[in-house]
Amino acid sequence: MTVALNNNYYNQNNEEQLTQEELNFFKEELEKQKNKIQTNLDKKLKELNNHDEAKDEADHASIAIENLTNNTILREQQKTLNQIKRSLNKIALGTYGICTMCEEKINIERLKIQMFSEHCVSCRNELDKQR
Ligand SMILES: [Zn+2]
């Protein structure tokens, strides 16, 4: 991912609000990812529908395995898509980049790496410990 925010580097300051420019940057990146996944999902779903028309028994077996793999991928992509949509929604609401647990600002460097993070580093670590 190209990072065009170097001019606004926050130097680990969690107290700063994201600027409009930064929000636009995240919004654009998230939209791009959303469209990519959406296109891919549509394509895969179309393929799966075509497979259903296959009549051959042997074909059915291999298709079943393929569908299983596809379904796992599709589920993952669906999950990511939902996360992206949630992040975009947050941008619209003005709550993007705020930890859902402690309501502290999430470090922008962290957001750049993982754009749909919903937790700050310390809450994430807490959650990981509980698993
Ligand atoms: Zn937190």
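Since we're looking at a predicted model, the values are computed, not measured. Worth knowing before you read on, the calculation uses all heavy atoms, side chains too, and leaves out hydrogens, waters and symmetry mates. Counting starts at 1 for both ligands and their atoms, in listed order.
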Donor-acceptor contacts, no H, no angles, side chain residues 85-93, under 3.5 Å, sequence neighbours left out:
residue	atom	partner	partner atom	Å
R86	NE	E118	OE2	3.1
R86	NH2	E118	OE1	3.2
S87	OG	Q83	O	3.2
K90	NZ	E118	OE2	3.4

Practice task
Give a yes or no answer on whether the side chain of E22 reaches the backbone of T19 with a donor-acceptor pair at less than 3.5 Å.
Solution key: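 Checked: pair present.
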
Practice task
Can you check the number of protein N/O/S atoms within less than 2.8 Å of the Zn ion (ligand 1)?
Solution key: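 For the Zn ion (ligand 1), protein nitrogen, oxygen or sulfur atoms under 2.8 Å: 4.
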
Handout entry: Sequence-distant partners of I73, side-chain contact (heavy atoms from CB on, under 4.5 Å), two or more places apart
Key = T69, Q77

Practice task
Could you pull out all residues at least two apart from K129 that satisfy salt bridge (charged side-chain N to carboxylate O under 4.0 Å, His left out)?
Solution key: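 Partners of K129 by the salt bridge (charged side-chain N to carboxylate O under 4.0 Å, His left out) criterion, ordered by chain and then number, come out as E126.
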
Handout entry: Pair D42 + K46, salt bridge at N-O below 4.0 Å
Key = no

Practice task
Answer yes or no: is there a side-chain heavy-atom contact under 4.5 Å between L111 and L18?
Solution key: yes

